[in-house]
Amino acid sequence: MAKIKDVAERAGVSVATVSRVLNGRSPVAETRERVLAAVEELGYRPNNVARALRTARTGTLGLVISDLTNPFFTELADAVEDAARGLGYSLIIGNAAERPGQQDDYIRTLLDRRIDGLLVSSAGTGSAMLGEVVASGTPLVLLDRIVPGIDAPCVRADGSAALTALAAHLAALGRRRPAIIVAPAGTPTGDERLELFRRALAAHGIALPDERVGSTPDLQHTGGRQVMRGFLDLPDPPDAVLATDNLMALGAMDEIRARGLRVPDDMALVVYDDVPWFAHIDPPLTAIAQPTRELGRAAVRTLLERIEGRPADSVLLPARLVIRRSCGEPATGQEESPAEEQQVAQQDTTWQETRQDHTPQESRQERGSA
């Protein structure tokens with residue numbers, strides 16, 4: 001059975017360097033890759049129980065995701081797992097299913113398993129257990145959703161530029177009666193998206209009255225369809241709808257079609273959160289795309305900073321508007337496919353993370369990347 005010194009000899013590094021890599025602390029990507037390759041070639045398996053007793057660490061991170069049936073959160077969880085594994089950590093995932101009580105159960109279980117740190121994309125507006133996590137000293141990072149009153153960094157997307165671009169896009173297409181489907185009032189993410197969209201529309205002289213603001217408690221297909229039903233029953237129905245969640249958008253589309261109406265001829269439809277198949281349905285959906293995989297990587301890096309006892313600040317990454325044909329845009333044959341969108345995201349420097357304290361680039365390079 002291979003030992004840690006065998007790995008060190010194969011990789012051409014010291015035993016201490018191997019140990020740092022296995023604990024996610026190697027600052028040099030090339031060294032980490034060489035060590036992990038040696039680990040794989042030799043079939044080395046560290047004694048995690050002994051290591052945990054010696055270092056008070058288990059090499060395990062926890063992730064509680066708000067709803068794994070939502071494609072956005074599924075991809076986000078995959079990105080977190082990929083980043084964690086690349087840094088030598090195992091990941092345990094719990095699905096809250098948008099239920100705060102279920103979220104609390106998973107958090108308790110993960111704390112009992114002595115995870116090194118916890119990532120939470122919170123269900124609803126959070127829960128009492130998050131306060132207990134902070135009080136316990138377990139490193140905590142919030143993901144995608146701010147939780148009021150919880151003193152922990154949050155890694156999320158900034159939709160202000162994308163919503164500003166969307167308002168200009170709708171105005172240019174002559175859409176003057178927009179509506180929005182959001183999470184219930186008091187939900188930080190929903191409140192923020194509503195306020196940003198309303199402000200962006202006002203800059204073009206377009207109102208967003210309360211009767212064209214619909215909230216749904218379940219953030220699901222059924223909720224989106226129910227809200228759209230109410231919009232279509234108005235004396236003066238909207239001519240464009242922004243659904244701030246992809247599942248709600250599908251419900252809205254089903255109700256539009258059930259009424260014998262068509263997108264975009266009778267109603268423009270935009271979805272916040274892009275998923276690959278939106279480019280392939282008829283019509284392809286105009287969407288606001290969040291940098292999902294970048295969010296996952298940034299969340300893991302931020303959590304490791306907390307685990308190492310270093311200051312860790314919140315991270316904002318810009319979302320962007322992806323124009324297709326669901327608002328009545330002219331067909332150009334140049335709509336972005338999922339592969340092209342990913343390439344644009346990788347090449348576009350605006351997708352680089354911007355920390356709220358403007359951490360110097362050289363400092364981030366020093367720490368390495370996932």
Side-chain angles (χ1 to χ4, degrees), residues 1-63 76-93 113-119 138-139 141 153 155 291-313 315 317 342-343 345-347 349 351-353 355 359-370:
M1 182 180 293
K3 298 181 180 180
I4 192 169
K5 67 177 182 179
D6 300 322
V7 175
E9 289 175 2
R10 176 67 63 89
V13 298
S14 68
V15 169
T17 296
V18 174
S19 179
R20 282 196 297 273
V21 169
L22 295 179
N23 284 287
R25 298 199 299 268
S26 174
V28 181
E30 182 183 348
T31 300
R32 182 173 66 248
E33 291 170 4
R34 200 161 67 243
V35 169
L36 293 178
V39 167
E40 187 66 27
E41 290 169 12
L42 296 173
Y44 173 68
R45 295 293 177 266
N47 187 333
N48 288 328
V49 174
R51 184 172 67 183
L53 291 173
R54 185 172 64 253
T55 66
R57 292 187 183 176
T58 61
T60 304
L61 306 179
L63 169 65
L76 189 60
D78 181 68
V80 168
E81 193 276 337
D82 198 40
R85 185 165 45 84
L87 291 170
Y89 280 85
S90 298
L91 184 73
I92 302 175
I93 302 175
R113 295 198 176 199
R114 298 181 61 203
I115 54 171
D116 295 338
L118 179 63
L119 290 164
T138 300
V141 172
V155 176
T292 314
R293 303 209 70 83
E294 289 83 353
L295 287 170
R297 289 193 288 267
V300 171
R301 289 197 297 270
T302 303
L303 184 58
L304 294 190
E305 288 173 350
R306 299 213 75 188
I307 290 170
E308 294 299 324
R310 294 193 294 264
D313 299 286
V315 176
L317 297 173
Q342 185 177 20
Q343 185 178 25
Q346 290 169 345
Q347 293 174 347
T349 57
W351 284 73
Q352 299 302 314
E353 69 183 76
R355 293 182 179 273
T359 305
Q361 178 69 25
E362 56 267 27
S363 173
R364 291 201 294 272
Q365 290 173 340
E366 227 173 63
R367 292 194 296 268
S369 61

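Counting begins at 1 with the first residue of the sequence.
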*Yes or no on side chain to side chain contact (heavy atoms under 4.5 Å, CB included) for Tyr44 and Asp6, after CA distance, side-chain angles and deciding distance?*
CA-CA 9 Å; Tyr44 173 68; Asp6 300 322; over 6 Å; no
Could you measure the distance from the [atom1] atom of [X] to the [atom2] atom of [Y]? Nearest 0.5 Å is fine.
{"X": "Arg306", "Y": "Leu118", "atom1": "CZ", "atom2": "CG", "result": "11.0 Å"}
{"X": "Ile115", "Y": "Tyr89", "atom1": "CD1", "atom2": "OH", "result": "11.5 Å"}
{"X": "Thr292", "Y": "Arg297", "atom1": "OG1", "atom2": "CZ", "result": "10.5 Å"}
{"X": "Glu9", "Y": "Ile4", "atom1": "CD", "atom2": "CD1", "result": "12.0 Å"}

*Between the main-chain N or O of Arg114 and the side-chain N or O of Thr58, is there a donor-acceptor pair closer than 3.5 Å?*
yes
Should [X] and [Y] count as side-chain neighbours, where that means a heavy-atom distance under 4.5 Å?
{"X": "Arg293", "Y": "Asp78", "answer": "yes"}
{"X": "Leu119", "Y": "Leu61", "answer": "no"}
{"X": "Pro153", "Y": "Glu305", "answer": "no"}
{"X": "Arg310", "Y": "Leu304", "answer": "no"}

*Step by step, work out the side chain to side chain contact (heavy atoms under 4.5 Å, CB included) result for Val39 and Leu42.*
CA-CA 5 Å; Val39 167; Leu42 296 173; over 6 Å; no
Side chain to side chain donor-acceptor pair (under 3.5 Å) partners for [X], two or more places apart:
{"X": "Arg85", "answer": "Glu81, Asp82"}
{"X": "Thr60", "answer": "none"}
{"X": "Arg34", "answer": "none"}
{"X": "Glu33", "answer": "none"}

*Identify, with sequence neighbours excluded, every residue that meets salt bridge (charged side-chain N to carboxylate O under 4.0 Å, His left out) alongside Glu41.*
Arg10
*Step by step, work out the side chain to side chain contact (heavy atoms under 4.5 Å, CB included) result for Val315 and Arg301.*
CA-CA 10 Å; Val315 176; Arg301 289 197 297 270; over 6 Å; no
Restricting to non-hydrogen atoms, name the atom on [X] and the atom on [Y] that form the minimum distance, rounded to 0.1 Å.
{"X": "Ala8", "Y": "Val15", "result": "CB-N, 3.8 Å"}
{"X": "Leu295", "Y": "Val155", "result": "O-CG1, 3.6 Å"}
{"X": "Ile92", "Y": "Arg113", "result": "CD1-CD, 4.0 Å"}

*Results of side chain to side chain contact (heavy atoms under 4.5 Å, CB included) for Ser14 - residues two or more places apart only*: Ala16, Thr17
